[in-house]
Amino acid sequence: FENEFTLDNLPRPQLIAMCRFLNLPPYEPDAFLRFELRNKLRQINRDDLLVLEEGVDTLDEEELDSALRMRGMNTDVHIREKRRALKSWLDLTTNKQLPSSLLVLSRVFTITGKEAPTSVLQATIGSLPTDLVEEALGSSDTSAESRVIKLERLIREEQLI
């Protein structure tokens, strides 16, 4: 999975949920929601690199809270838990190379933070449309059939608007 691929194939209800979760206005056409989400995810990715460079332990509590809120994470915990959560996020996005869009989507579905990250991600992937998962696992298909499916999806979105 990649950020672009995940966002391009999410249905409108999940796009709206992600926008609300990241404090973005959800009242636009799907293409604009995807654009706004891409920009926000790029901002998060840039911030990830800065935090990695500085180190999580060098951030004061205000900076930690800001970084956690940006990622849709809980800030009503002890500072040790905040650091642990941010380190976990950075490990998943950098070392395990999971796209931030998938992590944000997983947080939309499970706000409590009590579940194990692997089970949350499995549940999130399980909630995605089957064609999205099959397309991601089967690599990117640029065939004419794939383009026709994307065109049909765009036509359906336009009709819904």
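For the atom pair Lys96 NZ and Ser88 OG, the distance stands at 8.0 Å (nearest 0.5 Å). Note that CG of Asn9 and CD of Gln14 are 11.0 Å apart. Values are rounded to the nearest 0.5 Å. From Met70, atom CE reaches atom NZ of Lys40 across 5.5 Å, with rounding to the nearest 0.5 Å. Here the straight-line distance linking atom CG of Asn45 with atom OG of Ser100 works out to 4.0 Å at 0.5 Å rounding. The structure places OG1 of Thr93 at 12.0 Å from CG of Leu102, a figure rounded to the nearest 0.5 Å. Between the CD1 atom of Ile44 and the CG atom of Asn39 there is a distance of 11.5 Å, given to the nearest 0.5 Å.
Judged by distance alone, with hydrogens and angles left aside, the side-chain atoms of Arg71 form no donor-acceptor pair with the main-chain N or O of Ser66 at under 3.5 Å. A donor-acceptor pair under 3.5 Å links the side-chain atoms of Arg83 to the main chain of Leu59, judged by distance alone.
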#### Entry: Test side chain to side chain contact (heavy atoms under 4.5 Å, CB included) applied to Ser101 and Leu37, step by step
CA-CA 8 Å; Ser101 60; Leu37 285 167; over 6 Å; no
### Query
For Trp89 and Asp48, what are the C-alpha separation, side-chain angles and deciding distance, and is it a side chain to side chain contact (heavy atoms under 4.5 Å, CB included)?
CA-CA 9 Å; Trp89 172 281; Asp48 285 350; 3.2 Å; yes
### Message
Does Lys82 form a side chain to side chain contact (heavy atoms under 4.5 Å, CB included) with Glu61? I'd like the steps, not just the answer.
### Response
CA-CA 9 Å; Lys82 291 176 186 181; Glu61 192 162 9; 2.8 Å; yes
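Residues Gly72 and Leu22 approach most closely at N-CD2, 4.5 Å, considering heavy atoms. Here the closest non-hydrogen pair linking Thr58 and Glu63 is O-OE1, 4.2 Å. Arg20 and Pro26 get closest at one heavy-atom pair: NE-CG, 3.7 Å. The shortest non-hydrogen separation linking Leu33 to Tyr27 is CD2-N, 4.4 Å. Nearest approach of Met18 to Val104, heavy atoms of both residues: CE-CG1, 3.9 Å. Of all the heavy atoms in Leu7 and Leu15, the pair that sits closest is O-CD2, 4.1 Å.
Taking hydrophobic clusters as Ile, Leu, Val, Met, Phe, Trp and Tyr residues chained together by side-chain heavy-atom distances below 4.5 Å, Leu52 shares a cluster with Leu86. Leu103 and Val77 are not part of a single hydrophobic cluster, where members link through side-chain heavy atoms under 4.5 Å apart.
Here the options are Val56, Leu49, Asn95, the test is side-chain contact (heavy atoms from CB on, under 4.5 Å), and the partner is Leu90; only Val56 passes.
The salt bridge (charged side-chain N to carboxylate O under 4.0 Å, His left out) contacts involving residues 49-59 comprise Asp57-Lys87, where partners must be two or more places apart or lie in separate chains.
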